[in-house]
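What you are looking at is a predicted structure, and each value in this text was computed from that prediction instead of being measured.
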Protein chains: 2
Amino acid sequence: MAYRETEKMRQRKAQARQRIIDCTYECVANGGFRSARITRIAGLAGVATGTIYRHFESREDLFAEIFRTATQREVDKVAEALDTDGNAAVRLEAALRQFAERALRGPMMAWALIAEPVDPKLEEERLVYRRAYAQLFEKAIRDGIDEGCIPDQDARQSSTCLVGAIAESLVGPLSPTLAGQITIADIDKNKLVDSIIGFCMQGLTGTRR
Amino acid sequence: MAYRETEKMRQRKAQARQRIIDCTYECVANGGFRSARITRIAGLAGVATGTIYRHFESREDLFAEIFRTATQREVDKVAEALDTDGNAAVRLEAALRQFAERALRGPMMAWALIAEPVDPKLEEERLVYRRAYAQLFEKAIRDGIDEGCIPDQDARQSSTCLVGAIAESLVGPLSPTLAGQITIADIDKNKLVDSIIGFCMQGLTGTRR
DNA sequence: ACAAGAAATGAATAATGATTCACTACTTAC
DNA sequence: GTAAGTAGTGAATCATTATTCATTTCTTGT
């Protein structure tokens, strides 16, 4: 016998894999999934196109992993914002703000995750993550109902509406056609976020603050 | 001289064009834009593929026309619902209901118009029509504010949230992966529509009814 | 240094459908 | 009936990229 996979090799491979992931991420954050070509990713990562396929089944698979990682990061941030002190309404407001503000800070990636037309497999992932957000919100709404700071309602339905309202409000500002040309001032961003949240909180609680 | 385009010919051409449109519509209503192949459309319409291109610049163009027509029909229905008697809140509620109920009645087409991943050109059309809905709602909200039945708020922002909340609430039920298998009972539909509207109206007015 | 294997390479291939265009079949005016 | 011009045809072409795989390069244990 001769060659045996060694720790050093395992690490080197893991490194290459990570570099591919990072470069894909960069490509997507730069122009969305559609414009992220395998050849370009390989070029950036400093490997041959064939090498990509030693690390990932297919382009779809690679993208799915990027999508999951990127979205999970966002979901976690929202979960974090929900897991602080204060009553449920306050915490929900913080979470909604977190969601919107982060999206506006990385608009192209946010657009890719929320609104870019993608292949069916990614679209499926997207539905999963929209549900994940909705479930976080749903839980908080239930808490709020128990606490008495949110009136009784169909928590599941309301959570879906929250996700939709935020996503829709962001799609316009995030769309690359617009976003490429227009730069959104910080003041506008704050105003945007405030008014989205105003609507959402009133939808939940019946009052704006 | 010899051949001159005559009325009869003009009509025949218009007929063929219409047949192509109808068949495309049928294809889309059946499986969305992605699965609507030119060859299939041509087959259904009883013409050669080349003939399609004597009537439309490109597949994209044909689809854009279908998209516009189909969406305009929906927008008109919503406008109609908004143009009845009653105060603005009541009319808005009727309009939201119209939107949601019609979508649930033709789920595949609604999905294609609202949520199917489509090419950039169609995606642009979609943004235009989402704005069209939002503008209708926005106008009604302003009316409501003037009338005093809706509290003062950022009408534009609220209208966007309405569109998003409804669209998001429908995406799940409309998604072909699910919708193909599960059939939504009328009772469920009614409950769904009621709870969407409950959230939306509270978002607008601060009360559920 | 060498043999046995694994990883990397990237030019060639494959797959998918939209689109073209040289040709045929019609229509019209005379 | 015929010439002039238009509409219709559909097999062949084209364009685009992801994916493959025969070959080369690198690693390892002896």
Trainee: Whole-Å distance between dG10(D) P and Arg54(B) CZ?
Mentor: 14 Å

Trainee: Determine whether a donor-acceptor pair (N or O, by modelled atom type, separation under 3.5 Å) exists between the side chain of Glu60(B) and the backbone of Leu122(B).
Mentor: no

Trainee: Strictly under 3.5 Å: I want the nitrogen or oxygen pairs between protein and nucleotides 25-27 of chain D, one per line.
Mentor:
residue : atom : partner  : partner atom : Å
dT27(D) : OP1  : Arg12(A) : NH1          : 2.6
dT27(D) : OP1  : Arg12(A) : NH2          : 3.0
dT27(D) : O5'  : Arg12(A) : NH1          : 3.4

Trainee: Got a donor-acceptor contact below 3.5 angstrom from the Thr6(A) side chain to the Met9(A) backbone?
Mentor: no

Trainee: Expressed as a whole number of angstroms, how long is the span from Ile52(A):CD1 to dG10(C):C1'?
Mentor: 12 Å

Trainee: Could you state the atom-to-atom distance from CD of Gln11(B) to P of dA7(D) in whole Å?
Mentor: 15 Å

Trainee: Could you report the tightest heavy-atom contact between Leu204(B) and Gln153(B), atom names first, then the distance?
Mentor: O-NE2, 2.9 Å

Trainee: What is the separation between atom NZ on Lys13(B) and atom C1' on dG8(D), rounded to the nearest whole Å?
Mentor: 12 Å

Trainee: Ignoring hydrogens and angles, are the base of dA29(C) and the side chain of Arg4(B) linked by a donor-acceptor pair under 3.5 Å?
Mentor: no

Trainee: In terms of side-chain heavy atoms of Arg37(A), which of dT20(C), dA18(D), dA8(C) is nearest?
Mentor: dA18(D)

Trainee: Take the protein atom CZ of Arg40(B) and the nucleotide atom P of dG10(D), then report the distance between them rounded to whole Å.
Mentor: 18 Å

Trainee: For the pair made of CG in Leu62(B) and P in dG17(C), what is the distance, rounded to whole Å?
Mentor: 17 Å

Trainee: Between Glu5(B) and Ile38(B), which residue's closest nucleotide on DNA chain C lies nearer the 5′ terminus?
Mentor: Ile38(B)

Trainee: Between C1' on dG8(D) and CD1 on Ile20(B), what's the gap in Å once rounded to a whole number?
Mentor: 11 Å

Trainee: Measure the CZ-CG distance between Arg68(B) and Leu113(B) for me, rounded to the nearest 0.5 Å.
Mentor: 13.0 Å

Trainee: Looking only at atom types and distance, does a side-chain atom of Arg59(A) sit under 3.5 Å from a main-chain N or O of Ala36(A), one as donor and one as acceptor?
Mentor: yes

Trainee: Output, in order, the C-alpha distance, side-chain angles, deciding distance and verdict of salt bridge (Lys or Arg N to Asp or Glu O under 4.0 Å) for Lys139(B) and Asp143(B).
Mentor: CA-CA 6 Å; Lys139(B) 167 80 167 49; Asp143(B) 290 351; 3.1 Å; yes

Trainee: Within the structure, does a side-chain N or O atom of Thr49(A) lie under 4.0 Å from either OP1 or OP2 of dG10(C)?
Mentor: no

Trainee: Is it the case that atom CD in Glu57(B) sees more than 12 heavy atoms from other parts of the structure closer than 6.0 Å?
Mentor: no

Trainee: When you get a sec, tell me which of dT9(C), dA18(D), dT19(C) is the closest nucleotide to the side chain of Arg59(B)?
Mentor: dT19(C)

Trainee: Over how many whole Å does the gap from Asp61(B) atom CG to dT19(C) atom C1' extend?
Mentor: 13 Å

Trainee: Measure from the side chain of His55(B), starting at C-beta and using heavy atoms only, and say which of dG8(D), dA18(C), dT19(D) lies closest.
Mentor: dG8(D)

